[in-house]
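All values below come from the heavy atoms of this structure, side chains included, with hydrogens, waters and symmetry mates left out. The sequence lines fix the lettering, A, B, ..., with proteins before strands; numbering per chain opens at 1.
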Amino acid sequence: MVKTSVARDEKRKTLPNETVVVSMEHVNKWFGEFHVLRDINLRVVRGERIVVCGPSGSGKSTLIRCLNRLEKHQDGDINVHGIELNNDVKNIDEIRREVGMVFQHFNLFPHLSILENCMLAPIWVRKTPRAEAEEIAMHFLTRVKIPEQASKYPGQLSGGQQQRVAIARALCMQPQLMLFDEPTSALDPEMIKEVLDTMVELADDGMTMICVTHEMGFARRVADRVIFMDEGQIVEQNKPEAFFNNPQSDRTKLFLSQILGH
Amino acid sequence: MVSNGTSKQRSAANNNEVAFIRQEDAPILPPPAISSGAAGWLYENIFASMLDYSSLGAAVKSIWIAVFTAFVAYVFVVQVYGLLDFAILSAVWQDPEEQKRQVCWTVEQGGALPNGWHGACWPYIIAKTKFILYGAYPNESLWRVNSTYLLGAILLAWVMIERLPYRKFVAAFFLTIYPIFATVMLTGGGFGLSQFSVGVNTILGLALISFGRAGKAGWITGPLLDLSKVAGVAGWLFIFFAAALVSVGVDFDLEKIDTRDWGGLLITLVVATTAIVVSLPLGILLALGRRSNMPVARTLSIIFIEFWRGVPLITVLFMASVMIPLFMPEGVNFDSLLRALIGVTLWQSAYMAEVIRGGLQAIDKGQYEGADAIGLSYWQSMRLIILPQALTRVLPGIVNTIISVFKDTSLVSIVGLFDLLGATQSTIADAAWSTPVQASTGYLVVALIFFVFCFGMSRYSMHLERKLDRGH
């Protein structure tokens with residue numbers, strides 16, 4: 001951590017270990033008539049690393065997008081970092097300050113340089129002074145190993161580099177929780193590794209993470225818990241060894257045989 | 001492997017190539033003369049397509065291209081020469097004996113020029129320059145128009161030249177203080193404005209600002225919070241408006257010049273600049289409003305846009321000049337230039353809004369989500385993320401509507417305002433300069449002035465496009 005940001009951390013609400021960072025209770029969501037999330041119950045404690053997997057259309061992206069109100073849940077309670085997620089704009093803003101998100105298609109801002117992409121949120125959301133925001137941005141760009149690209153624009157970078165910038169951009173808000181929505185699905189095979197390495201490092205540093213991903217190697221190596229979703233429900237969750245070596249439900253077995261069998 | 005003869009031969013040839021080892025470097029040569037320089041350009045772009053006679057079809061095509069090229073070149077040369085001849089070579093430049101129209105008459109018509117002469121009559125334009133540029137604006141007060149132009153040009157250049165410092169402050173000055181300055185300078189100021197309207201604006205402004213402050217301080221929650229943010233901004237607008245009213249109400253001891261005496265390029269520039277500068281922010285708000293989730297904002301924006309877009313500008317101007325006085329209480333005389341200004345500006349805003357909405361629609365959903373996910377508020381994400389990208393994308397469209405409204409200002413002549421075209425037309429009616437070439441000369445000048453402004457805007461927008469290009 002940058003030294004100036006430690007002071008900021010103290011000002012923020014800090015929670016002791018083993019506190020619940022995310023809790024979802026009986027969460028339901030519909031897209032029109034389609035019941036996309038069905039009675040979701042999930043608790044994530046501080047420092048926990050969760051991998052969510054499942055066939056496409058199973059609701060896994062929707063699940064994590066509900067956690068920072070990119071999607072609105074219609075029923076049930078969601079609590080993030082001790083803040084209730086409801087229609088109150090103030091609560092939503094507060095939650096978004098504490099939750100970083102990385103998207104499948106990076107969603108970097110193409111009209112801003114890499115450095116400006118990373119400085120934007122600290123400056124405008126946390127009201128950090130410019131010089132300090134630049135220090136924070138360079139710190140995290142160094143951490144994802146692309147400080148030399150700071151003055152370039154997203155369009156000039158490879159997919160893997162862009163995704164690492166997106167991770168740095170999220171980290172610049174020094175979030176309590178990181179959400180990854182299929183971060184490697186849009187990347188060429190040789191670029192997947194550099195992004196996964198960055199995510200592994202982040203996990204080793206103790207970041208609370210929820211990752212929607214098909215990278216089963218990553219899940220085995222990093223996850224504390226693997227969650228399998230199908231048709232909008234959590235079908236099975238377990239520690240990775242147990243999940244991969246001894247899946248209980250038929251749907252999990254079928255999914256694993258399809259994804260690992262090729 | 002396919003086992004026919006040709007493929008065997010090919011693989012044999014390949015084997016030979018594989019075994020090749022270069023003994024000495026191939027020489028580095030200059031390009032053939034014909035492909036470089038002016039001759040090369042001519043060959044590549046013009047003659048190459050005419051020189052293929054290898055078959056009947058190719059020959060027909062080559063000859064057709066050659067004939068057509070020659071025809072186009074001929075028409076072009078004739079037209080350009082005709083224009084040059086009219087405007088410069090055959091033109092009459094001086095009128096030393098003050099003969100007025102007779103200086104541009106042929107022998108047949110009673111003058112001294114050879115029969116069949118056809119050229120521009122510049123002494124007529126020189127005599128009418130003041131009217132074409134300023135209309136009936138009093139001569140002794142022209143310095144006021146000129147100093148307004150000068151200050152405007154300096155401010156605009158300052159904002160456009162990227163090397164200069166304090167450009168944001170200059171732009172803010174240009175958009176706030178300068179319009180007040182221009183109003184006072186051009187009209188003479190000293191309007192007898194009621195203290196009542198100033199008072200109402202001030203009180204309304206202060207009330208809205210305190211509402212905004214209360215929102216910031218956290219005393220307001222729920223859906224009213226968003227409203228309070230808007231109220232804070234709107235409050236400052238009211239205060240600014242009150243200040244503007246006070247400033248134009250002060251008597252600066254300048255001669256009052258009625259807008260009926262304004263004319264020519266002055267009217268064109270006043271109407272066009274106001275319409276352009278006001279319609280851009282208004283268009284942005286309308287475009288955002290039309291895409292808003294708030295039903296009230298969306299409905300109002302749609303009604304506004306569709307109403308103004310559905311009515312021709314001529315109708316808008318007629319309604320402004322004929323209808324508004326009917327609704328006004330007796331004795332209230334709403335300035336006719338102001339009426340036209342409001343009409344053109346609102347009409348233009350509707351078009352601007354739709355161009356900008358096109359840009360907003362082209363922005364990927366991921367950009368909105370990216371901005372939301374890092375915690376930016378609605379107005380922050382619009383200002384910092386969405387609008388910069390949307391406006392850059394539709395820059396050609398925005399400049400297109402700007403150029404279009406610049407030329408559409410000519411329509412104000414139908415409600416009795418003498419814009420550049422109207423003023424010039426009225427000089428054409430002057431019998432003292434009546435000659436067969438009078439109209440051609442006058443319209444040539446109008447076309448030239450319009451072209452200079454519009455071409456300038458077009459070039460500046462192309463420069464901006466290149467500058468804002470981020471290679472994606």
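- The environment of B:Trp236 atom CH2 is sparse: at most 12 non-hydrogen atoms of other residues, nucleotides or ligands sit within 6.0 angstrom.
- Residues A:Asn107 and A:Arg169 bring no donor and acceptor atom of their side chains to less than 3.5 Å of each other.
- The contact between B:Glu369 and chain A is made by backbone and side chain atoms together, counting heavy-atom distances below 4.5 Å.
- Between the side chains of A:Asp181 and A:Ser61, at least one donor N or O lies within less than 3.5 Å of an accepting N or O.
- Ranked by heavy-atom pairs under 4.5 Å with chain A, the first of B:Leu376, B:Asp364, B:Leu384 is B:Leu384.
- The contact between A:Phe109 and chain B is made by backbone and side chain atoms together, counting heavy-atom distances below 4.5 Å.
- Of the residues considered (A:Leu120, A:Ile95, A:Leu179), A:Leu120 shows the highest number of contacts with chain B, using heavy-atom pairs under 4.5 Å.
- Atom CZ of B:Phe238 has 12 or fewer heavy atoms from other residues, nucleotides or ligands within 6.0 Å.
- At a cut-off of 3.5 Å, with distance as the only test, no side-chain donor of A:Gln174 or A:Arg126 sits close to an acceptor on the other residue.
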Under the criterion ring-ring contact (aromatic ring centres under 6.0 Å, His included), I'd like the reasoning laid out for B:Phe453 against B:Phe406: C-alpha separation, chi angles, the key distance, then a yes or no.
CA-CA 9 Å; B:Phe453 278 98; B:Phe406 188 87; 5.4 Å; yes
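- Residue contact with chain B, scored on non-hydrogen atoms closer than 4.5 Å, is absent for A:Arg69.
- Looking at A:Val99, the atoms closer than 4.5 Å to chain B (heavy atoms on both sides) all sit in the backbone: N, CA, C or O.
- Chain B forms the most heavy-atom pairs under 4.5 Å with one residue out of A:Ile92, A:Leu112, A:Leu108, and that residue is A:Leu108.
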